[in-house]
Amino acid sequence: MTVFELPAETKSATGFTHKAIIDHTDITETAVDTDQTFELLAVAAGDIVEKAAYKLVTAFSDASDTGLNDTKVQIGDGGDTDRFLVAAQVNANDASEVFYKASANTTPYVYTAADTVDLLVESMSAKSLSELDAGEIHVYLAVTKLS
């Protein structure tokens, strides 16, 4: 996983301040029916997350097992795992993957204590996330760090 602050011209053009890139090689959870959480960005008391979005560059899949057909992602934090984006399908084998999603929350969230903004990758029953052999997602965050 790679997380970085966007350049000033990109911030100005898009309103997003940070980007995270996660691909299938970052997903290492081997236990069946077990989700994996990626801590994207540490936030402190006073920091504000104004919006979140993702772009599914390559849908996740397991070429050897089309039965692995339910992989969802959501963006939230330690207090609410889908505070910014509710779960959306990102698995190609489901044939209903969502390639672009932005937060429907129109009210920025102000942190009163330190936390992390997280991407939760949901597993499916009887399958392991580590079986995925394709997929890449780019997560965008708009964060004002008042801390």
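Throughout, numbering of the chain's residues begins at 1 and tracks the sequence.
- Put simply, NZ on Lys72 and CG on Leu85 are 14.5 Å apart, with the number rounded to the nearest 0.5 Å.
- Residues Phe38 and Val3 form no side-chain contact, since every pair of their non-hydrogen atoms from C-beta on lies 4.5 Å or further apart.
- Residues Ser61 and Ala92 approach most closely at CB-CB, 4.2 Å, considering heavy atoms.
- Of the candidates Asp62, Ile27, Val90, Thr71 forms a side-chain contact (heavy atoms from CB on, under 4.5 Å) with just one, namely Val90.
- Residues Thr37 and Leu120 come closest through the heavy atom pair OG1-CD1, 3.3 Å.
- Taking all atoms of both residues into account, the shortest heavy-atom contact from Thr34 to Val32 is OG1-O, 3.0 Å.
- Among the candidates Val73, Val121, Thr2, Ile137, the single residue satisfying the side-chain contact (heavy atoms from CB on, under 4.5 Å) test with Ile22 is Ile137.
- Between the side chain of Thr66 and the backbone N or O of Asn93 there is no donor-acceptor pair closer than 3.5 Å.
- Val43 and Phe4 fall into different hydrophobic clusters, where Ile, Leu, Val, Met, Phe, Trp and Tyr side chains are chained together by heavy-atom contacts under 4.5 Å.
- Between the side chain of Asp82 and the backbone N or O of Gln74 there is no donor-acceptor pair closer than 3.5 Å.
- Using a 3.5 Å distance cut-off with no hydrogens or angles, the side chains of Asp70 and Gln89 do pair a donor with an acceptor.
- With hydrogens and angles ignored, the 3.5 Å screen pairs a side-chain donor or acceptor of Ser103 with a backbone N or O of Ala52.
- Atom CG of Leu68 is separated from atom CG of Asp133 by 9.0 Å, given to the nearest 0.5 angstrom.
- The closest side-chain donor-acceptor pair between Tyr109 and Asp80, if any, does not fall under 3.5 angstrom.
- Asp65 approaches Lys127 most closely through the heavy-atom pair OD2-NZ, 2.6 Å.
- Between Glu5 atom CD and Thr10 atom OG1 the span is 11.0 Å, to the nearest 0.5 Å.
- Placement of Val86 and Phe99 in two distinct hydrophobic clusters is found when ILVMFWY residues are connected by side-chain heavy-atom separations under 4.5 Å, directly or transitively.
- Panel note: side chain Ser128, backbone Glu29; a donor-acceptor pair is recorded below 3.5 Å.
- With a 4.5 Å cut-off on side-chain heavy atoms, Leu129 and Phe60 do not count as touching.
- In this structure, the side chains of Ile21 and Val57 stay at 4.5 Å or more apart for every pair of heavy atoms.
- Using a 4.5 Å heavy-atom cutoff, the side chains of Leu132 and Asn91 are in contact.
- For the pair Val117 and His18, the minimum side-chain heavy-atom distance is 4.5 Å or more.
- For Glu39, the CD atom sits in a loose shell: 12 or fewer heavy atoms of surrounding residues, nucleotides or ligands are nearer than 6.0 Å.
- Put simply, the side chain of Thr17 gets close to the backbone of Leu141: a donor and an acceptor are under 3.5 Å apart.
- A donor-acceptor pair is defined here as one N or O able to donate and one able to accept, closer than 3.5 Å; no such pair exists between the side chain of Asp77 and the backbone of Thr116.
- For the atom pair OG1 of Thr144 and CD1 of Ile48, the computed distance is 5.5 Å after rounding to the nearest 0.5 Å.
- Residues Val98 and Leu56 are not in side-chain contact: their nearest non-hydrogen atoms beyond the backbone lie 4.5 Å or more apart.
- Atom CZ of Phe84 and atom NZ of Lys101 lie 14.5 Å apart (nearest 0.5 Å).
- The backbone N or O of Gly78 sits less than 3.5 Å from a side-chain atom of Asp115, completing a donor-acceptor pair.
- In terms of heavy atoms, Ala53 sits closest to Phe16 at CB-CZ, 3.8 Å.
- The minimum heavy-atom distance between Leu6 and Lys11, with the atom names listed, is O-CE, 3.0 Å.
- Between Tyr140 and Thr14, the closest side-chain pair of non-hydrogen atoms is not below 4.5 Å.
- Taking hydrophobic clusters as Ile, Leu, Val, Met, Phe, Trp and Tyr residues chained together by side-chain heavy-atom distances below 4.5 Å, Leu41 shares a cluster with Met1.
- Annotation: the span from Glu136 atom CD to Thr25 atom OG1 amounts to 9.0 Å, rounded to 0.5 Å.
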